[in-house]
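Both backbone and side-chain heavy atoms feed into the values below; hydrogens, waters and symmetry mates do not. Just so we're on the same page: letters track the sequence lines, and every chain starts at 1.
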Amino acid sequence: MGTVRIGSGQNGGVYVLVRQTSGGDVLVDTLDDAGLPSEAARLTLTEFAVFVSTLESSTRESASGDPAAPRWVWEDTARIYPVLLAAGIRVQRCHDLRLCHMILKNSALTMTSELALAAPGPWDVASVGMPDQAEPRATLFDFDVHADADGSGESGTAREFRRQLDAVASAPDSGRMRLLLAAESAGALVAAEMRYAGLPWRTDVHDLLLTRELGPRVAPGLRPERLELLVRRIRSELGDATLNPDSPQELVKALQRAGLAVSTTRAWELKKLEHPVIEPLLQYKKLSRLQSANGWIWMESWVIDGRFHPDYVPGGVVTGRWATRGGGALQLPKQIRGAVIADEGWKLVVADAAQLEPRILAALAQDMSMALAGRGSDLYAGIVASGVVETRDHAKVAMLGAMYGATTGESGRLMPRLARAYPRAIALTEAAARAGERGEVVTTRLGRSSPIPGPDWHAAQDLAYELAATATDERRARSLARDWGRFTRNFVVQGSAAEWALCWMAEIRRELTALPSPDAGTERSDEAQSTTLAPGARAPFDAAPHLVFFLHDEVIVHTPAAQAEAVANIIVNAAEAAGRLLFGDFPVDFMLTVATVDNYAQAK
DNA sequence: AGGAGTAGCGCG
DNA sequence: AAAGCGCGCTACTCCT
């Protein structure tokens, strides 16, 4: 193992370039400000873990004057960080080259950079970042390790990093892009940590909830009692002894035979109908959904040792929101949230950003009136108090319409009043929509840009301008243009809200790790230990507060009960900090509802 | 038999 | 056409 000297880097910290080789070793370089490597060392994974641990712990309690934590520059957090976590090691900061590449490649703010102008390379292939596909990923590392095409001695990874730094520097107001990349990378750390730690999940309680709703568990393939009874009622009401209510086709026909004028079997359509089959049918739909999406099979495949470990995918949505893969973590129905229960002696702090997207819109547009409507209170209530609409529900429907692009119905009718009261905010959403209709790109607060429409879209627009274009062609082109306009309209708000949420979480994470443990410096008795160690958790998350869940505008922290209050404060302060990071001094409040509870169902 | 597409519904 | 954004997942359905 070679020695690795610490070079100088941004903010007094140091960049450390980490490359995984196909042989399983890790190449480590320290980099200077320009992204140039100084010395390289080849480490085994075990040596690497020790190296990381040493560098992190020497800076963890950094008082002023101590060096800041290194920023680990690596290709893919999702791939390398779990290795460290499994060894009980956390890092403070990283730069995720894969995620940052995507942002920089697409952003309108870095369009003229070398990185954006380069022909698609290995950093652009779709397979990169897909952890379940081990095969295609090896090619990237092979490429990287051997790539020295220009004879500069610079690895592909180092070159990519340098290009990224250059691209950032080329952006107007580059601080924002720098913040976005830091937030995106911090999100990747959070995602890996949350997956590793898992969401506390009591399968016994889950089983109880299921049994209460569906009846006792039965063999796979059979219907639980309550579902079976409902199917019998439905069949007898419709006079069809073999009807499968899960088949929309069969069901529509059976309903039509019963004299009901329906073309779909959607629940909200059925609700409008008057017929004795409707009640059991709606109930069946609700319960069978619970059974198939989050029933016993789900429980056994996704909950391990009392923890739900979903696979979060940062940047998995075009707008910058996260996606998840497997387990449907972002769709946990309220019905079963009662199974999310803090460990003995621990609490869940559940926090939710209230009316996040309208507040984001107000700040984006620098719309002072709208910001004031949300100052210190419910934004929708504030809109009502300003006399713009009569009820909170109207305010909400109108706002959603403005952000989603509603044109008809109640939402469409209320919009003009909103536009009169908040011209700046509405002008921003309209401008974003018009840009999309023209096929242009729109960009979030920190610099994530929308994709350009595909070839079919452009073909349809071109066709509408041909002399031979029919009315149908024109209608089709206009409809597609409006669809894309609604997408870009929403992109700006949803994407900026996602950036706020990333900053929020990054702040929460940073402050949580800085939180002193209550028993620091004292000898911990076995008894005290039993109340602070989470039995189901894994080091380094078994004794300290940590994030366990994230849902677009909501977080859950699992914490020893004694620290719950401190955690709640951190979360509130982090929201304020995130607002300042994105919008400086613009006086928009980001209100939270925070609840300290034993189980998730108690929040809200 | 297995893959792609659709319907429907859960979440924000 | 729920009136309008973004997702993931399951079961059914159609196609090869």
Side-chain angles (χ1 to χ4, degrees), chain A residues 220-221 223 227 243-253 262-272 281-282 284-295 297-298 301-302 310-337 352-358 360-361 396-415 429-430 432-433 436 442 444 448 450-451 479 482-498 500-501 549-555 600 604:
Chain A
R223 284 198 185 89
L227 284 179
L243 174 71
N244 174 9
D246 291 323
S247 161
Q249 281 188 351
E250 282 185 46
L251 190 53
V252 167
K253 282 183 199 147
V262 289
S263 53
T264 86
T265 67
R266 287 191 272 255
W268 54 263
E269 288 282 2
L270 299 179
K271 266 178 207 146
K272 299 187 254 179
L281 186 52
L282 290 174
Y284 175 84
K285 277 175 166 287
K286 192 95 187 151
L287 294 182
S288 98
R289 162 89 196 181
L290 174 63
Q291 142 102 337
S292 65
N294 298 99
I297 295 178
W298 178 92
S301 14
W302 293 105
D311 193 359
Y312 296 94
V313 188
V317 177
V318 276
T319 57
R321 275 187 174 183
W322 289 10
T324 57
R325 205 166 17 218
L330 303 183
Q331 305 135 251
L332 284 184
K334 307 220 157 123
Q335 280 168 302
I336 56 160
R337 292 185 179 181
D352 172 303
Q355 308 97 40
L356 176 60
E357 294 197 349
I360 291 288
L361 172 59
K396 182 174 178 175
V397 165
M399 274 306 313
L400 291 179
M403 293 183 300
Y404 292 166
T407 53
T408 62
E410 187 173 48
S411 186
R413 258 179 281 120
L414 291 165
M415 269 280 292
T429 63
E430 291 299 318
V442 296
T444 58
R448 194 185 308 260
S450 63
S479 159
R482 287 200 181 126
D483 288 349
W484 199 260
R486 282 193 304 277
F487 165 63
T488 52
R489 170 198 297 270
N490 186 249
F491 183 96
V492 181
V493 177
Q494 188 185 115
S496 300
W500 179 90
F549 194 58
F550 171 57
L551 185 54
H552 306 315
D553 59 0
E554 180 177 341
V555 296
Y600 190 15
K604 278 208 238 195

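Once you apply a 4.0 Å limit to the heavy atoms of chain A, the touched nucleotides of DNA chain C run 5' to 3' over C/dA2 to C/dC14.
When side chains are defined from C-beta on, A/Asn294 does not count as touching A/Gln335, because their heavy atoms never get closer than 4.5 Å.
Residue contacts for A/Ala267: at a heavy-atom cut-off of 4.0 Å it reaches the sugar-phosphate backbone alone, with no base atom in range. Residue A/Ser411 is classed as a base contact, given a heavy-atom separation below 4.0 Å to a base. Using a 4.0 Å heavy-atom distance criterion, A/Asn244 is classed as a sugar-phosphate-only contact. In this structure, A/Arg486 reaches the sugar-phosphate backbone alone: every heavy-atom distance under 4.0 Å involves primed, P, OP1 or OP2 atoms, never a base. Within 4.0 Å of A/Leu400, counting heavy atoms only, lies no atom of the nucleic acid at all. Backbone-only contact: A/Gly327 has heavy atoms under 4.0 Å from sugar-phosphate atoms and none from a base. Within the 4.0 angstrom heavy-atom criterion, no nucleotide atom of any strand lies near A/Val493. At a threshold of 4.0 angstrom between heavy atoms, the contacts of A/Arg482 with the nucleic acid are absent. A/Thr265 comes within 4.0 angstrom of the backbone, heavy atoms only, and of no base. Note on A/Gln335: nothing from the nucleic acid sits closer than 4.0 angstrom, heavy atoms only. Across all strands shown, A/Gly328 has heavy atoms under 4.0 Å from sugar-phosphate atoms exclusively, and none from any base.
Here the side chain of A/Thr488 pairs a donor or acceptor atom with the backbone of A/Ala432 at under 3.5 angstrom. A/Ser411 contributes a side-chain N or O that, together with a main-chain N or O of A/Val397, makes up a donor-acceptor pair within less than 3.5 Å. Looking at A/Trp298, its side chain does come within 3.5 Å of a backbone N or O of A/Gly327 through a donor-acceptor pair. When atom types are taken as modelled, the side chain of A/Ser450 and the backbone of A/Val442 share a donor-acceptor pair closer than 3.5 angstrom.
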Side chain to side chain contact (heavy atoms under 4.5 Å, CB included) between A/Asp246 and A/Tyr284, worked out: CA-CA 9 Å; A/Asp246 291 323; A/Tyr284 175 84; 3.1 Å; yes
Derivation and outcome, side chain to side chain contact (heavy atoms under 4.5 Å, CB included), residues A/Leu361 and A/Met399: CA-CA 10 Å; A/Leu361 172 59; A/Met399 274 306 313; 4.0 Å; yes
Working for side chain to side chain contact (heavy atoms under 4.5 Å, CB included), residues A/Glu269 and A/Val262: CA-CA 8 Å; A/Glu269 288 282 2; A/Val262 289; 5.7 Å; no
Evaluation steps, side chain to side chain contact (heavy atoms under 4.5 Å, CB included), between A/Leu330 and A/Arg321: CA-CA 11 Å; A/Leu330 303 183; A/Arg321 275 187 174 183; over 6 Å; no
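Mapping A/Leu330 and A/Arg266 onto DNA chain C by nearest heavy atom places A/Arg266 closer to the 5' end of the strand. Comparing A/Thr407 and A/Ala293 against DNA chain C, the residue whose closest nucleotide sits nearer the 5' end is A/Thr407.
When rounded to the nearest whole Å, the span between CD of A/Gln494 and C1' of B/dC11 equals 12 Å. The distance between atom CZ of A/Arg289 and atom C1' of B/dA7, rounded to the nearest whole Å, is 12 Å. The separation between A/Asp246 atom CG and B/dA7 atom P is 16 Å, rounded to whole Å. Atom NZ in A/Lys334 sits about 11 Å away from atom P in B/dG10, given to the nearest Å. In this structure, CG of A/Leu251 is placed 10 Å from P of B/dC9, rounded to the nearest angstrom. The CH2 atom of A/Trp268 sits 16 Å away from the C1' atom of B/dG10 (whole-angstrom rounding). Taking atom CG on A/Leu287 and atom P on B/dC9, their separation rounds to 13 Å, with Å as the unit. Summarising the geometry, the separation between CD on A/Glu250 and P on B/dA7 is reported as 16 Å, rounded to the nearest angstrom.
Each of B/dC9, B/dG8, B/dG12 was ranked by its minimum atom distance to the side chain of A/Thr264; first place goes to B/dG8.
Taking NZ from A/Lys253 and OG1 from A/Thr265, the interatomic distance works out to 13.0 Å, rounded to the nearest 0.5 Å. One distance of note links CG of A/Leu551 with OH of A/Tyr312; it measures 8.5 Å at 0.5 Å rounding.
For the P atom pair drawn from B/dG5 and C/dA2, the interatomic distance equals 23 Å after rounding to whole Å. C/dA3 and C/dC7 have their P atoms separated by 22 Å, with the value rounded to a whole Å.
Taking all atoms of both residues into account, the shortest heavy-atom contact from A/Glu357 to A/Ala497 is CG-CB, 4.0 Å.
For DNA chain C, runs of at least 3 consecutive pairs of the Watson-Crick or G-U wobble type, with both hydrogen-bonding distances under 3.5 angstrom, map to B:1-12 with C:5-16.
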Output a table of nitrogen or oxygen pairs between the protein and nucleotides 4-6 of chain B separated by less than 3.5 Å.
none

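Heavy-atom neighbours of A/Arg482 CZ from other residues, nucleotides or ligands within 6.0 Å: at or below the threshold of 12. For A/Lys396, the NZ atom sits in a loose shell: 12 or fewer heavy atoms of surrounding residues, nucleotides or ligands are nearer than 6.0 Å.
Using a 4.0 Å cut-off, some side-chain N or O of A/Lys285 falls inside it from OP1 or OP2 of B/dC9.
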